[in-house]
Structure formats: C-alpha cells, structure tokens
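I have placed the structure first, in the form of structure tokens, so that the comments after it can refer back to it.
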Amino acid sequence: KTVCYVTAADSHAYATPANKALEARAKELGIEVLGLSQNFDVQTGTEQLNTCIARKADGIILWPLDPQAYIPALARAQQANIPAILINSPMSDQAKPFIKSFTGPDVYEEGKMAADSLNTALKGEGAVIVIAGQAGNGTTIGRVGGFVDHLKKLGSKIEVLDTVNADFDQQKALVASRDLITRFGDKINGVYANDDTMARGFIDAWKEANPGKPTPPIVGINGQKDAFESIKSGEMYSTIVQSPDEDGKLAINTMAEILDGKDVKDRIPIPLTVVTKENVETTKPAF
Amino acid sequence: MQGISKIFPGVKALSDVNFSVDFGRVHAIVGENGAGKSTLMKVLSGTYLPTTGTTEVGGVEVRMRKPADAQKLGIRMVHQELNLVPDLTVAENVHLGRMPRKWLLVDKAAMVGNAAAVLKELGADIDPKARLGDLSISQQQLVEIAKAYAANPRIIVLDEPTSSLSEHETAALFRILRKMKAQGIAIVYISHRLKEVLEIADDVTILRDGSMIESRPADGITAAQMIKLMVGREVTNVFPKTPSTIGAPVLKVRGLGDGVTFSNVSFDVRAGEILGLTGLVGAGRTEVAKAIFGLSTLTAGSIETHGKPVTIRSPSQAMRAGIAYVPEDRKGDGIIPSMTVRENISLPVLRRLSRFSRVSLSADRKLAAKYAADFSIVPPDPERRINLLSGGNQQKAVISKWLSAKPSVLILDEPTRGVDVGAKAEIHRIIGELVAKGMAVVMISSELPEVLGVCDRVVVMRDGRASPAIERKDLSEERIMALATGEETA
Amino acid sequence: MALLSQIARYRVALILGLTLIVASLLVPGFLSLTTLGLGLDRSSTIGIIAIGLTVLLIAGQIDLSGGAVFALAGIVSIQLQPSLGLWPAACVGVLTGAAAGALNGILSVGFKVNSLVATLATMLIFRSIAHWITASQPVSGTDIMFSLALAKIYFDIFTVRSALFLAAILLLHFWLTRTVSGRNLFAVGSNAIAAEASGISSGKMVFLGFVFASTLAGVAGVLQSLATNTGSPMFGSELTVSVIAAVVVGGTRLEGGRGSALGTLGGVLTIASLTTAMEFQSVPAYVQQVVAGLILILLVVLDRTVRTTARANTRAAVSA
Amino acid sequence: MTDIALSMQDRTNPRFNRGSRLVDTVSRAGLLIAILAVVLYGALASPVFFTTGNLVNVLTSMAIVGIVVVGMTFVLVVGGLADLSVPATIACGAILSLALQPMIGPVPAFVLAVALAGACGLVNGLLVGYVGINPIIATLGVGTIVLGIVQAAVGGVIVYGTDPATAALVKSRVLGIPTIALIFLAIALIGNFVLSRSFWGRWTIATGGNYSAAEASAVPVRAVKAGAFIITALCSGLSGALLGLTLQSARPLVGTGYEFSAITAVVVGGVSIMGGFGSVPRAIAGLVFVQLLTNVMVLQGVRTPVQGFILGLLIAIAVALDVALRKRGVA
Ligand SMILES: Nc1ncnc2c1ncn2[C@@H]1O[C@H](COP(=O)(O)OP(=O)(O)OP(=O)(O)O)[C@@H](O)[C@H]1O
Ligand SMILES: Nc1ncnc2c1ncn2[C@@H]1O[C@H](COP(=O)(O)OP(=O)(O)OP(=O)(O)O)[C@@H](O)[C@H]1O
Ligand SMILES: [Mg+2]
Ligand SMILES: [Mg+2]
C-alpha cells in the first residue's frame, strides 16, 4: 500500500524528526510512503494533494498549515475514495466531513497548558510578554489563542504587556526581546514563548541586558534538549514536551488501521507533558 | 521660434534664441560643440520644454509637451544620438509610433514594403526584416533617416545625419533632401561639416554659447566666415600638418582576422607618424581597432610592438603593450557619465597612482589638472561631472585619459566625429604634438579632407580587407574613393 | 552552429518534451489525463501571474509585489463575501489588484523609482496590509460548495482556472506579436527613449503594464481564494520567485524588449511538470530546489552563449 | 591655433556651474536630518530610548545585517542590481561554522565556513561577470542551489554549537561595546576604504557607471563585477558565521529576509540601484535610519504589520525623494 504524506517541511527542527519517525514506522508496517514537502507554503500543499490523487495513493496524511485552504482538495480525494487524516495541526470544522481523523498535539491545548503553567509560576498575577511564532501560521494562532483564552477562563490577573512575532526564529526573538526588555525593563514578570527556540532568544537578550540577574519565569513549548538544560539551571520555568517521534508514529499507525478497514476515532491526541524542575530529570526531551 | 531659452541644472544651454525656417528651404545650423544646436532642435521637436519662449508652426502658436505633439504637427527629427529600438525589425523601426493597421492588427506586408522602398531610395542595402540591433552604426543611422523621411513630415530636422555616413550615402541623402525641398518641406540641417553646409543649405544660422549670432541666406557665405562667426575669431588652417620625424615601426600587425568582419589585415605604424585608416562605413575599421586593443577576439594574425610579438586578449594587456584606443562611440564606450573629468582621466592608470591599493588623490588631481590645462578642456574644472561637458570637450577628456597611460601607439577612432571646427583643430593640434614627440598614431576617419590633411600614410579598408599603405605624396581623394569602393584593387 | 541556435530557439519546448519523456519513462502513472489536468491546474496560478509579469518584463520593468497582491486580493474577495456577495466581492478583489498595480505604476513612472525598489517597498506594504486587515488570521468564505465547483475537472483535463490560463496565454500571444500596442510594448522595453521620441507614450505603457501585472496577480489570488475558500496573509509568499523563474526560463529577458507568450507557457509548464514528476518520485524538497535552480541557470547560460554566437553569425551574413 | 586654446580657456563662462555637488550635499544631509528626527522623536516619546542599553542593543542588532550591507553596497554600485543569494550564503556560514567545529576546531571551521560562502560568491561572480547573466536570475538560481545543498548536507535539522567559549567571545564586550559591533565597524571601515579610496573601488564605480567605457579604459570589468559578488558573499558568510556563534544553533533558513533588509538599507541610503554611484557610509546611514526607526516603533509598541507598512512606505518615499533631488541636480 502507498500512503501519500504531505508534510509541512522536510528541513525543520520539529518536522524532520516527525517525518523520519513516520517513515521508519511505515517501513515496519510495510507501507510505502510518498513524502511531499510543502516547505511551509499552503499553495504548494494544495497542489501536492492533487499529485497524491493523481498518483492514486491509498491514503493521505496531511500536515495542514491553514485551517481551510485544503478543503476542496480533500473533497476531491474523498471523491477518489482516498481516505485522509491530519497530522500535527487541526483544521476548521468544515473539514470534518472530508477527513477520517486528526492525530497529533493540540496546539490550542498547548496554549492552555502554557497558560496554566505560567499562571502557577506567577501565582495568578503579574505582567508577561508573549513571543509568538509567524503571524498567520496555524500553530501560532493556536498557541497564542489557547493561552489568552485560558488565562481569561482561569480568571487570572496576568496582564499581557505585548505580543510580538518572532517567526520561530532565535535571532528574531533575540532582537525583539532586546527591545522588549528595554521597553518594559523590570515590568516583565514572565514570558511565554511559542517555542523553546524563541525562549532561548529571550534568555540571551536578558543575560545581555541584566548580567547576573535571574530570569523571570519563562514558559516555552516543544521540549527541546536545550530547554531541558535551561530548566535544570533555572533559566526557564517550564516547557511542554511534544514528541515529534510520537507525532509521526501515531499518524502512520492510525493510517494503517484505516487501511486495514478498522474504524478510528476522529481525534487522537498525542500525550503532552508539562516539564518543570520537578520532572525534568525523569522526562525524555522531544529532540 | 521666438525668444527660446533652456536652462539645464548647471548650464544655460540656450538664451533668447530666435530661429525660423521656411517651407521648401534647407536651413543649416552651425556652431561649436555645446553651442546649443541640438537643444534648440529638441525644443522644436517636443523633446524638451523650453524654459521660456514660443514656437509657431505655419503662423499658429503651438505648445509641444512631448515628441508626439510635434509629430502631429508634422515635425520629425533625426537625433544626433541614435534613437532606435534594437529589438524590433528595421521595418518596425521605420514605422515606430505609426505602424500601419489592418483591422486591429499590424499590417506587416505594407510595413515591410514601405520600408524597403524608402531604404532603396536612400540607397541603403538593408533588409527590412533584419533585427535592428544586428546592423552597424551607419546602417542604423540610415534607418533613422528613413524613419523620419517615411513619415512624410512637413518639417524635418537632421542633427548631424552624416557623421557616420560615407560620401556615397551622403550623396544619396542630399538627393533626397533636394527632392523634399522641391516638395515644399522645411529642412533643418545641423552639421559640423561645413562643406556639406555650403553644398546643401539655403539659409544658415550660427549659434555660439547658446545665443544666436547670425541668421542669413547661405549665398555668398564662405567656410572661413562661418568659422569666424562660430568661434568669434579667424581660424586659418583647419587641418594643420605638424612636421615630425618618422622613426622605426612601433606597431606591426600581420594577417589579422576575426573570422567574421575582417580578414588578412596587415599594416605598420612608425614612431612619429599618423597612419590614416579610412574606407566606407562598415568596412571593418572599428572592428580591427577593437581587436588590436583586445576588446574583441582575433582568430588569426599576429601583433608586434617595438619588434616584439605580443598577445592581446584584453585592454589591459594592450595597455601594457603600449597601445591605447579612443573609441568611436563616445557616449557608449568613452566616458563614465557619473564620474568627474578627473576620475575619468585617471581610470586606466589608477594602479600606477595607487600605493598599497590606495589611490593618491594628490597625484590624481595633478594628472587631471595637467590635461585639463594642456587640452584646454572647458570648463577648466576637473571636478565637474563629465556628462555635463559638450561633446568636443568630452572627446578631449577621453584622449587625455589615454595619454595618461603614456602609450607608444594611439588608435583614434573617428576622433573628430561630431566635434566642432574649433575643437577639431585643437584635437588635430594635440595629435600633431604627440607625433612630434614620437608617438605612433592610427587615425580612423571617414572624412576624406581630414585624412588627406593630417595623415602621413593611409590604409584603405573595404569589406574587411586592407589595402597596402599609400604614402602621403600619392594621396588623392579620387584614389582613396577608388580603393574604398573597389574600383581600384590595390 | 545552426543546430545549436535552433536548440536555443526552441529550448523551452525541448526541455519540456524531455521532461515529459523522462518522467513518463521513469515515473509510473505519470502519463495520464488526470496528471495532465492536475499539472495544468497547478500551472495556472503561477501561469496567470506569469502572463502579467511577461508583459511587464518586456516593458523592461520588474514586479516583486505579485505574491503580496495575490494574497491581498484573495483576502479582499473573501472578506467582502458576507456583505457584497460572492461575485461582487471577487470583482472588488480583482480591482484591489489593479489599484495595487496603479500604485506600483505611480511610484515607478510618476516618481521614477526603480521598479525593483518600488515593488520591494510595495511588497512590504501590501503584505503588511494583508496581515493588518486579517489580524494575521486566515479568513474563510461563505460558500464552500462554490470552491468545490471551481475545482471541478471538465473534459478530464480542464479546470475553470486552467482553461482561463490557456485562453489568456493565446490572447497574450496574439497581442504581443500582431497588434500595434503589442509591438510598441517591445519598443518601450528595448529603448524607452527612442520609443518616446517616436511618439509612443512609454510612461503610459509602463504604467498600464504595472496595472496589468497586478490585476492578473489579483485574478490569480481571487481564483485561489475562491478555490480554497480561504484568504490568508501567508498566501503567495513563495510565489514571486517561482513566477520570475518560469517567465525567464521561457526566454523573456529581464532587461526588457524580448519575450513571448508561448515561451512563458513553456516555462510554466516545464516547471510544473518537473515539480509533478519529482513529487511523484517523492524527491525531497531541497533536491527539487537544487534541480530547479540548475535548470534555471543552465537555460539562461545556454541562451546567453548561443545568442552571442548567433549574433556573430548574422553579423557575418549582414556584412557579406 | 594657440589663440583658440587661450580664448577657450578664458571662457570661464557664467553658463557653467557645479550643479551636482549641491544636490549631493542636500541628499546626504536629508538622510542625516531624517536620522536626527527619529532620534529626537525617540528621545521625546520613549524614556528608555536614550539609555545606553537601548543604543547598544540597536548597535548589536545592526551589526549582523550591517556586515551584509557593506557587501551589498558593492553589488549595487557595480551595477549588479542585487544579490539574492544572501540567505544561502548566510546559512552556509552559520551552519558550517558550527557543524565543522567538532571536526576541525572553531577557528578553522570559522575560516572554512566564510571561505565556502565566498566560493558561492565566486559562482555568482562567474555567472554575472563572465557569462553575463542577469544578476537577479544568477543569484536566485545559485541561492536556491546552495540552500538546497546545505539542507541536504545537514539533513534539514538544526545544528548546535559545541564550543561555548566561541559564543562567549562573540558576545563579549570591549569597553562596553559589543565585540560584534566592533567587527562590523572594522568591516565597514575596510569596505569604505576599498570602495572610496582604493583603485578597486574606483573601478567598481566606473564599471557601474558605464560598463563598456570602463572596459575600454582597461578596467578588468568582468573581474570587478565578479568581485562585488564575492565581497558580498564573504560578508554574508562572515555575518552568518557570527550569527551561528551568537545563537549557538543554526537552521538552513537562518538567513531568510536578510537580503531584503540589506537592499533596503543600501537603497534608503541613497545608493542608486542602477550603479555607478554610492558609498559605504551612505549605505550605513540608511541602515542606521531603518534600525533606529524600527527600534522606536518597537519601543512605542507599534504592531508588526504596521511596522512593515511604515517601512515599505519609507523606502518608497526615500527613494522617490532621492530621485527627485537628483533629477533637479543632474539630468
Ligand atoms: N540634458 C542635459 N542636461 C544638462 N546639460 C545639457 C543637457 N543637454 C545639453 N546640455 C548642455 O547644453 C549645452 C548645449 O548642448 P547641445 O547638445 O545643444 O550642443 P550642440 O550644439 O548640439 O553640440 P554638439 O555639436 O556637441 O552636438 C552644452 O553645454 C551641454 O553640455
Ligand atoms: N554593433 C554591431 N552589430 C552588428 N554588426 C556590426 C556592429 N558593428 C559593426 N558591425 C558589422 O561589422 C562590420 C564592420 O563594422 P565596423 O564598425 O568595424 O566598420 P567601420 O569601418 O568602423 O565603419 P563605421 O564607420 O560604421 O565605424 C560591418 O559590416 C558591420 O555590419
Ligand atoms: Mg548636438
Ligand atoms: Mg567605425
């Protein structure tokens, strides 16, 4: 059987290990994977879905970068009787009829968990800055949205000083953080970064500006190795481990079940673990 | 045209000029370089808006904001610089801006037929379907003339149309001009070749420093008078020949060929000698010069300087071999418009002026000042941007540039093309002084009086082949023409 | 030599043919109507923008803002759907493209800003506006069924989009080679001063060229947004480069004065079929990049060398 | 004859004056005034703007892209339009300087990374200078290829640094000034010397001003044109390597966007994209202006899309103004 896998990118810190895990698992299952990389471009992705249909794949695993845009292509896949599932990121409800399942972390959920974590660290009050990913990107939208909504729901008194986009880029986060630190100085009681790379950027900027001064509580996402180090040394408060290996494996396993004719649940989450100083020694970093 | 003034930033090109041309007459405008001739005509043809002044056509005051306005009035201009589109065909160029239509589409057949007819009338053997960019400069010049002529203008302005034409083609042009005159077309003719002016003009206007000096019928005026009015004083000998002692050959070329435009070209140039290289347009003189200077590649032949064989693949190798080349197309190959006169002059010798790769500004300034003074470049300010100078002065700067490299052989390609008499005489004086000091000079020129006037020996080229050198004492206009047209095979 | 210049002349067709042959030999299931239809559909987005860019490049200008206009027009056409209805909103989207083009045109014709810089600036501006009016969130339309209809394949190969693209290419071909304004466009791109001196209003032509290019980018954007029922400020970020590559591979010269509609068609199809073939084989994106880059450079180098030798030949013929 | 010469010399005619100088001064002053205006506004609007910390931040942020700006100036001046392969060469520098560390040690890795980036520039240079391909196409193509190769080489993931000492070195400060800013200063001084004082720079300007005339003046135009691309690649390689060392991590896409930032700075500085005119100080003035403006906007909490909007508007206005001024000066 051949499964068409339209991934976000094939050269990316998170996507690459996820792709590798998916392909390795597929080999074990005896499934051939036709890997296509959108390179973070939705337009490319919609066209690649068409390629999958033309290739008459037996199943499609899509890593959506937009909540809507793939719907017509998915509909076409459905017409061609090709089952499709989503990996890593969800799509809007309108896509539901066209997909069998969505496996992967819930980025909105991650935002909520981050809000919980930061709320705990700050004991429910203070001022924070949010270092967001790329503007318009689905992950960014989910992670920021979940965070903001959940803080409100918690009734937390935490105030967001500013949200800046640093495109999941360490250098951009560094530059943006420098300005934020200049601007708000000691007003910053906490930081939420949409991923650990950008958290790293903030830490570097902080150390530059205030040598020797401890960092405010910083919450990141992804559970990278260096974030674990930072948590151990107290530079970071927490991160959320979202394992790309799990992500990849779960998707292909689910697809295998569909190909075997089994029914699958329409939402299969991968486990998310909040890592703080307490459990950092016992948890495995994501990558 | 009444009270026309035009002020460019830094230059008052025209001040209060009155000019009129009658239908059915040829009106020549003469003046030194930078006198404002082209500017005046660009005002007439709608390229420039005058700063002040008015224009009347057929007794009605008109205001032309763009060339199209002038063209609607039947005014056509052949520009001094070529104004053609290299990527279109000859026929399309001839009909540029007024292509014939059939329904919505271009009427190709009519266009090609019409272009062919006009070109034939001009005596030009050019395929109307050829891409214009593939033609030589002179062929393009003919197309430019054909373009203006084919538009059936009421007023036609020709700005130095013959500067790249042979005597033959000039004669054909004059036939057409006479015919147009008979049809009642008004013709404005700008030229530095006073002989042509005397031959064709009915009226003459003399401009100097942006002002009109005189406007009168051409009857009875002499070249000497015109020159006096142009420069404001008497000039006696237009083509002076400075005596010099001729020494050993400095440059020897044997059997040169580039596989395309010329083959088997051989000649010698001796120290203290001016060797003329003449011929009809497109004979391949420029190509030979460029090849010797390393600007294009040779496929055959050998070059020797001072008796030693040299290989030249680039201008810097040529420079090291002591060869310098002043190109034909001044605007395209001669000057760096964004640089000052000083920076232009020192360009080939920058390395010599540098220590630890730093250019010594004082040495640079000294060099430029020297040439600006020696050649009386006007204005005498080396820090002025070179594109603000008039053509003749630019040419002097380009020659200075190469003299700064202290060459032993200087190749000048049409050094006085489009240059006024005053500047021309001066360039000749400079060349004379150079050969007197023992430099070997190759002068490419299409102007026979000039060739006869200043050259010690002359090589005539025809169809990419060179005649043996003819000694000065054997030279005559007829002989050269015979060789150039192939009536006499040497 | 003659052979070489023939190769150069039809190089796009040759490469395209070669790609198709190799792909159909190596890639199972490549040679089918479905693939062809999908290939055409995928070319049409790039292709429609490429039509506009071909015109602009011939006029001697460049437009980097196409991708941003693509996104902006799409967003406008989606955001206005609830208030205006689908068709009027789509029209406003296209008009947005035209307006963007007018801005480009004013900057580069009116203010004489080099088009590379002008459209670099407007690219930033349009992209920012796209983010601004959407708060960086993708927006979705009201009628998903319409999107599904738009994606439908007729006669096994044409979608609405690809049929539109092919028709537009033919019109372009006709316009560029046969009409007076088409020829004048070449004149403007080849030597604007000469064109102006011959009474062709080159400023106006260039201005219209910008409007045309952006309008087509707008059309492509609106079509894309309708087809996906989404307008997103992220759309088209990778597009400009691919479009420029496709047009240049098709033999249009960046310096102006040369280019053709059929060449652009060839360029667009070549890139699309190459991509499709490589995707069929699941070639990693970075390898695809390397291949695309190599083809671009190879074709341009070939063009360059052959043209210089060919020039020498015609010159010899002229002087003979 | 001599009387002509004489009379021509004393024709110190009132028709002539030096238009160009004035405009040059005005356009240069224009940028300085703009910079002052931003500084003034910043100082009034934000209490933290004039703190040492903030100014040092601006300087540090400026350094990385500033090094690229120095190179890009050469490309624009030589008439090479723009080098779009900068993201690839930056990635090359960043990734290799980190990836090679464990194998050959930090210093050789650094040198090799910059050298390999320079090699990419050589390819650009050969294509543009010797084959005569349009720079946009050549650098676009080469950039795509290099980036593809770099991604393939590292398997598409992040490369981490292994030698924190090198990071400490590039992050250190000398007399309160970040080392990286000093490196930038040094590069800028060298760049300025080469472009404005050396024969190579004069050749660069001449080649950009009129290619065929420069060629006919025995300027090695091909080499000069190629050289500009090599210089840019070396600069961006260096910039990438420094970036990699500061971050201690590098992804293939680290360099995205730097090409546009660099071009923006150079162009806002009034360097003509048509070539033949420009200097490193001008380009850096453009950079300073853009950076300060961005800094003020961030300090004022202006949202990212609005920042982009203002920046775009600014480029357009700056260049249009420059064109207008220049036209008034020299047609
Ligand atoms: N576009 C321009 N900008 C600035 N100065 C100009 C411009 N065009 C011409 N000039 C200046 O105006 C003056 C008159 O120039 P014009 O070209 O009319 O002279 P001309 O009589 O045609 O000379 P030539 O015989 O060399 O062709 C010169 O000093 C020239 O440098
Ligand atoms: N730019 C060009 N493009 C195509 N052909 C050219 C070009 N320049 C010259 N030629 C061809 O090369 C041949 C030699 O031209 P060349 O310019 O050397 O002649 P020339 O004797 O110097 O005449 P001219 O008076 O035009 O300078 C001509 O037959 C011409 O057709
Ligand atoms: Mg003139
Ligand atoms: Mg010649």
Side-chain angles (χ1 to χ4, degrees), chain A residues 7-20 37 39-40 129 132 134-136 161-187 195-198 200-201 203-205 207-211 222 224-226 229 244 287, chain D residues 46-62 64-65 90-91 94 147-148 150-161 167 171 173 178 243-244 246-258 291 294-305 307-308:
Chain A
T7 177
D10 49 14
S11 165
H12 183 250
Y14 182 86
T16 304
N19 298 347
K20 290 219 173 94
S37 159
N39 257 336
F40 292 115
I129 57 172
Q134 207 163 13
L161 288 170
D162 198 7
T163 307
V164 294
N165 292 100
D167 302 1
F168 300 114
D169 183 294
Q170 188 178 335
Q171 170 71 7
K172 283 193 183 145
L174 176 67
V175 173
S177 303
R178 279 182 190 137
D179 290 334
L180 289 171
I181 291 168
T182 316
R183 201 167 129 207
F184 297 114
D186 291 336
K187 267 194 255 164
D195 80 354
D196 291 341
T197 318
M198 295 191 292
R200 179 82 243 153
I203 295 171
D204 285 344
K207 282 205 249 172
E208 248 175 48
N210 311 302
N222 270 8
Q224 284 167 215
K225 258 187 238 116
D226 66 328
E229 297 303 319
F287 54 92
Chain D
S46 165
V48 287
F49 179 79
F50 247 125
T51 55
T52 336
N54 185 48
L55 295 180
V56 168
N57 278 349
V58 174
L59 197 62
T60 322
S61 314
M62 204 163 78
I64 296 283
V65 63
I90 287 187
L147 207 54
V150 167
Q151 292 188 40
V154 299
V157 283
I158 294 189
V159 180
Y160 291 98
K171 283 191 214 165
R173 291 186 185 195
L243 189 60
T246 9
L247 301 177
Q248 283 297 300
S249 75
R251 316 166 289 131
L253 298 182
V254 273
T256 319
Y258 279 86
Q291 293 283 331
T294 317
N295 178 257
V296 170
M297 286 195 287
V298 172
L299 293 184
Q300 289 299 95
V302 176
R303 306 225 55 81
T304 325
Q307 284 179 30

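Quick note on labels: first sequence line is chain A, next is B, and so on, each numbered from 1. Only this structure's heavy atoms are used, side chains among them; waters, hydrogens and symmetry mates stay out. Since we're looking at a predicted model, the values are computed, not measured.
- Only the backbone of A:Phe168 comes within contact range of chain D, judged by heavy atoms closer than 4.5 Å.
- Using a 4.5 Å cut-off between heavy atoms, D:Leu247 touches chain A through backbone and side chain atoms alike.
- Put simply, the side chain of D:Asn57 reaches to within 4.5 Å of the side chain of A:Glu208, judged on heavy atoms.
- Taking CZ of D:Arg251 as the start and OG1 of A:Thr16 as the end, the distance is 11.5 Å to the nearest 0.5 Å.
- In this structure, D:Met62 and A:Val175 have side chains that are not in contact, with every pair of non-hydrogen atoms separated by 4.5 Å or more.
- Proximity to chain A (any heavy atom under 4.5 Å) is shown, for D:Phe49, by neither the backbone nor the side chain.
- Residue contact with chain D, scored on non-hydrogen atoms closer than 4.5 Å, involves the backbone and the side chain of A:Asp169 alike.
- Ranking D:Val56, D:Val58, D:Thr60 against chain A, the residue ahead of the rest is D:Thr60, based on heavy-atom pairs under 4.5 Å.
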Q.
Working note: D:Asn295 + A:Asp179, criterion side chain to side chain donor-acceptor pair (under 3.5 Å); need CA distance, chi angles, decisive distance, verdict.
A. CA-CA 7 Å; D:Asn295 178 257; A:Asp179 290 334; 2.8 Å; yes
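- Distance CD/A:Gln171 to OG1/D:Thr256: 12.0 Å, rounded to 0.5 Å.
- By the 4.5 Å heavy-atom criterion applied to side chains, D:Asn54 and A:Arg178 are not counted as neighbours.
- The two atoms that bring D:Ser249 and A:Gln170 nearest to each other are OG-OE1, 2.7 Å, heavy atoms only.
- Using a 4.5 Å cut-off between heavy atoms, D:Thr51 contacts chain A through its side chain alone, with no backbone atom that close.
- D:Ile64 contributes atom CD1, which lies 9.5 Å from atom CG of A:Leu174 (distance to the nearest 0.5 angstrom).
- Using a 4.5 Å cut-off between heavy atoms, A:Lys225 does not touch chain D at all.
- Proximity to chain A is limited to the backbone of D:Thr246, based on heavy atoms less than 4.5 angstrom apart.
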